[in-house]
Structure formats: structure tokens, C-alpha cells
There are 2 protein chains.
Amino acid sequence: MDVKYKFIVTKIAEDISSGIYKETKKLPTVEELMEFYNVSRSTIRQAISTLVDRGLIYQVQGSGIFLRTNPEGCINLQYMRGLSGDFSKEKISTKVLELKVIKADKELAQKMKCKEDTEIYFIKRLRYIDDEEYMVEYSYYNKDIVPYLNIEITEKSIYSYINENLKLNIGFSDKVIYCEPLTAEHSELLKLKEGEGSLVIEDTVFLTNGLLFDTSKCIYNYKYAKILSLSNFK
Amino acid sequence: MDVKYKFIVTKIAEDISSGIYKETKKLPTVEELMEFYNVSRSTIRQAISTLVDRGLIYQVQGSGIFLRTNPEGCINLQYMRGLSGDFSKEKISTKVLELKVIKADKELAQKMKCKEDTEIYFIKRLRYIDDEEYMVEYSYYNKDIVPYLNIEITEKSIYSYINENLKLNIGFSDKVIYCEPLTAEHSELLKLKEGEGSLVIEDTVFLTNGLLFDTSKCIYNYKYAKILSLSNFK
DNA sequence: TCGCATTTGTACGTATGTATC
DNA sequence: GGATACATACGTACAAATGCG
């Protein structure tokens, strides 16, 4: 991390979560941050802008930089770090129900923007928070991009493996969120009743170069799952 | 709109939606845009950055600026313009079920971050898309900030009234999204069955200066409502 | 109410680094 | 390896909103 503004983003985010601004709910001025980090105005502004995008702070012209209050225990859409990022205090566990390589049929090929018969990792997981059934996840990874996955990796965080081991850079994602009645199978897995509602997120994830490498469908237990979206009007 | 980069944002967004880049799926280079708009590099970069945040485009270092495919008919979380913005082709209508001024009790005062007994506009609306029952909305506006509302305004877009008539600048919002069984009343309004799931968005909206002026709870018909979130990993 | 100091917003210019093709 | 194109970083000037006296 030798990029200055990214280092500053991480540092300020840590400072905020450590609570050192909780009295004033206000950050130092841009001028003060420039001096503290010994960088230019635009470098501080870029770091601040990133934190504004993540929903941690907001700026008021002529007044200062203020903290945004940030509910815990929600799936955060602005800054995705997987379940373990959103639930740092809770115990997370994962049961891998299925893990295999399949060949993309016409429908899957269209979804994954790849050719038919491309090899795809298919993973079905049941995930728990504090030992409660939290969600059922179906995910698909293009094997041309993610050449190897095993039970050990899929029991933990697939994303940190992709990031740290494969050195791939995740860029952006499209999420479609809706509500759907539970099927018999899912209601059993989540210990709910058939026909009750569930919260569903269909996710399509791209690398920074625009390549689609992952799609998934997650069916959440409506009793526990809350999504948080911290957005800006720009 | 005499701010250059905002003008350019609007222009490029129009160009994209008009389809002039649909062949190449690629924007002109930063250099070319600088020349075309006769502005500096940083002004173009700021405009492009805004469009990246809105999920319209993505940049690849060394390669160019590319279009992101953008599903229609969804509630867009990145760039909120109300129902009429998300459903430009459909017919939208609104039935105002209730409109009155109330005094904030302890619970509402906490939610609206105001003092108890502050006057609050309460509005209950049923909204239709193509004559189908789409959602029930309960909204609350702080009367100190939004001093006047009537049936005519609430039948149309409250936000455009706030923006254009009151000249208030909407800054950011927290949305909590979850799934909840329908009550008897809501199932009747939405023509669904009691106990079926519904998609719920609780929204807390702030002005650019950080003042909370609006909270709302929307209960969506799960058969029609889809939310789209176009996010970036930064 | 007015004016001034503070603080963020917009815009320009330049140089160098780094990924892609 | 070279050309192209985006990314990072520095610096400067002035505009606009806020807040205080």
C-alpha cells in the first residue's frame, strides 16, 4: 500500500472506528490533515472523498467534516468485505453443501458473459451467524479466472483468497435485491416455514478490468438479515 | 448549473442514455473529452468520477472508459430520483391516504433527531406503477425544514418540490432494507395475502448540511419491486 | 445586519507512475 | 519496447457557504 491516499483512507477509517472523534463527531480540517500527513491538499481531498463514498463521513462547505452514524450488524452495500467484515463481533461459520466444476449451459453462459461449456466452479453454502441459520448461497466462479478452489478455501472467505493469493483486483458489482417466497428446501435449511418471505440478493461481480468472474444468489433468513445502504446524492 | 463538472456529468449521462456509445461501449478518452469541453484534465476526471459512483461507467488504467450495463425497472440505490426517475416508461400514480401535521412523540423525536413536540408532516401514500399496487409509504417531514405541504404536492413528487421550490439541497441518506410479513392492512392495500413477505425500505434522509428532514418506511409489493445497487470496491 | 475569518468547493496546470495493448 | 491512456501527487488561485463577533 504505497499509494498515499489509500494509506490515509485506511488510517482515518481506523481512527473513526476507534472512537477518537466520537466526542466532537468532527474530523480535523483538510488543512490540519495536510500538515499531519505531510501531503498536498488534493491527496487529502481524494482520501476524504473515498470515505464520503463509503458513507463514513460528510462534508459541509464552510463548516467541516463530520461523522455519519453507522448502524452495526447490517450487510453494508457501500463497502463490501464479506460477512466477516460486517459482523466483526459475531461468530460466523459456514457449511459447504456442494462444491463442483460444471460446464456452463446456455442460461449460465449468458449470466456469466462467457461461452457455453466454459468450466465454472459451483458452490452451495449454508452460512451461520452466532449459530443461527443466516443464508443459503449459490455461487458460480469462472474457472478461467479462478482456476482452483477447494473445501478449505470455500469454508473461509473466497474473496480474501482471490485478493491475496490470486492477486486479482475486484472492481465493482451489480446487486439486485428482492423478496421471494421460500421453497420447501430453503425453508428447511433456514428453519423457517415454506411460503414465508425471504430476502434475496443476486450479485454479479467484476474485476477492475471489467471481467465478470463471479455471480451468486443468496437467500437470507428474513428474521436476521438487514441490508444497509449509505448513499450520496451527487 | 454553472458548475462545469456537473454540466459535463449531465451531458455525458444523456449521451450514454441516448445510446451514442452503444456500439463501442466505450467513451472518448479523457484527453478527447478535455478538448471537446475545453476544460482541464481534473475537471473531466471529477465528472467521470461522479459517473463511476453512479454506476454508469468504469475506468481501466491504460485502456479506457467503458459503459456498465444498466438494468431498467429497478429502484436504483446509487442515484435516487424518486419513482418517476426509475420508471420513466411506466405510468406512475399516487393516492394520498392521509396527510396531517402531528407532534413528535418520544420515539419519533428520536428517529427524526429532533425535540419532542416538534411539528412533523405525516403522509401515507399508496403508489401504483401501470395501475398495479406497488407500495405503501409512510413518510415524515420535519415542519421546521419543510414548512408547507399539501395534497397537490404530495400527489406528485415531494422531492422535486423540496429541491426546486424550497431550494433545499438533499445530501445523503441511510437506507435499511429487509423483508417482513405483510400485516392485514398492507396485504389488503397491495392486494396480496396476509403473512406473505414484503420488501421494506426504511429511509433517513439528510440535507447537505447534515440536517435530518425526512424519514420514511416503504412497504413494497414483492411481486414487482426490485432494487438495484451498482457499487464499487474502493 | 454586516463584515471578516474559517473551511470546503471548483478549476487550472504540471510532472511522473503504471497498466494495457 | 513503445505508444496510449488512466492514476497519483503536487501546487496555486479564487469562489462560496458557514459561523462568529
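Quick caveat: nothing in here was measured; it's all calculated off a predicted structure. Naming convention: chains lettered A, B, ... in sequence-line order (proteins, then strands); numbering from 1 in each chain.
Rounded to a whole Å, the OH atom of Tyr58(A) is 15 Å from the C1' atom of dA17(D). Rounded to an integer number of Å, the gap from Asn232(B) CG to dA7(D) P is 12 Å. One atom, CZ of Arg45(B), and another, C1' of dC12(C), lie 15 Å apart when rounded to the nearest Å. The CD1 atom of Ile65(B) sits 13 Å away from the C1' atom of dT4(D) (whole-angstrom rounding). To the nearest angstrom, C1' of dT18(C) lies 18 Å from NZ of Lys167(A). Atom OH in Tyr5(A) sits about 13 Å away from atom C1' in dT18(C), given to the nearest Å. For the pair Ile44(A) CD1 and dA9(D) P, the computed distance is 11 Å after rounding to whole Å. Following rounding to the nearest Å, Glu31(A) (CD) and dA5(C) (P) show an atom-to-atom distance of 16 Å.
Outside the 6.0 Å centre-distance limit, the rings of Phe233(A) and Phe172(B) are not counted as a close aromatic pair.
Each of Asn209(B) and Gln46(A) was matched to the nucleotide of DNA chain D holding its nearest heavy atom; the match closer to the 5' end belongs to Gln46(A). In this structure, Val60(B) and Val39(A) both approach DNA chain D, and ranking their closest nucleotides by distance from the 5' end singles out Val60(B).
Contact of the Leu33(B) side chain with the Ile48(B) side chain is registered, since non-hydrogen atoms from C-beta on lie closer than 4.5 Å.
Listed candidates were dA5(D), dC10(D), dT8(D). Nearest to the side chain of Thr29(B) is dA5(D). Among dT10(C), dT18(D), dC10(D), the nucleotide with an atom closest to any side-chain atom of Ser63(A) is dT18(D). Distance from the side chain of Lys4(B) is smallest for dC12(C) among the nucleotides dT8(D), dT7(C), dC12(C).
Between Phe7(B) and Tyr37(B), the two ring planes are perpendicular [angle over 60°; tilted spans 30° to 60°]. Relative orientation of the Tyr220(B) and Tyr134(B) rings is perpendicular, given thresholds of 30° and 60° on the angle between their planes.
A close approach under 4.0 Å does not occur between any side-chain nitrogen or oxygen of Ser42(B) and OP1 or OP2 of dC12(C). For dC10(D), the OP1/OP2 oxygens have no side-chain nitrogen or oxygen of Arg41(A) closer than 4.0 Å. For the pair Gln59(A) and dG9(C), the criterion of a side-chain N or O lying under 4.0 Å from OP1 or OP2 is met.
At a cut-off of 3.5 angstrom, counting only N and O atoms as typed in the model, there is a donor on one side and an acceptor on the other between the side-chain of Gln61(A) and the base of dA16(D).
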Inset, instruction - List the steps and the verdict of side chain to side chain contact (heavy atoms under 4.5 Å, CB included) for Gln61(B) and Gln59(B). - result: CA-CA 6 Å; Gln61(B) 188 171 356; Gln59(B) 292 174 282; over 6 Å; no

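Using a 4.0 Å cut-off between charged nitrogen and carboxylate oxygen, Glu116(A) and Lys106(A) do not count as a salt-bridge pair. The pair Asp117(B)-Lys103(B) does not meet the salt-bridge criterion, since no charged nitrogen lies less than 4.0 angstrom from a carboxylate oxygen.
Rounded to 10 degrees, the angle separating the terminal helix axes of the helix from dC2(C)-dG21(D) to dC21(C)-dG2(D), each built from five base pairs, is 20°.
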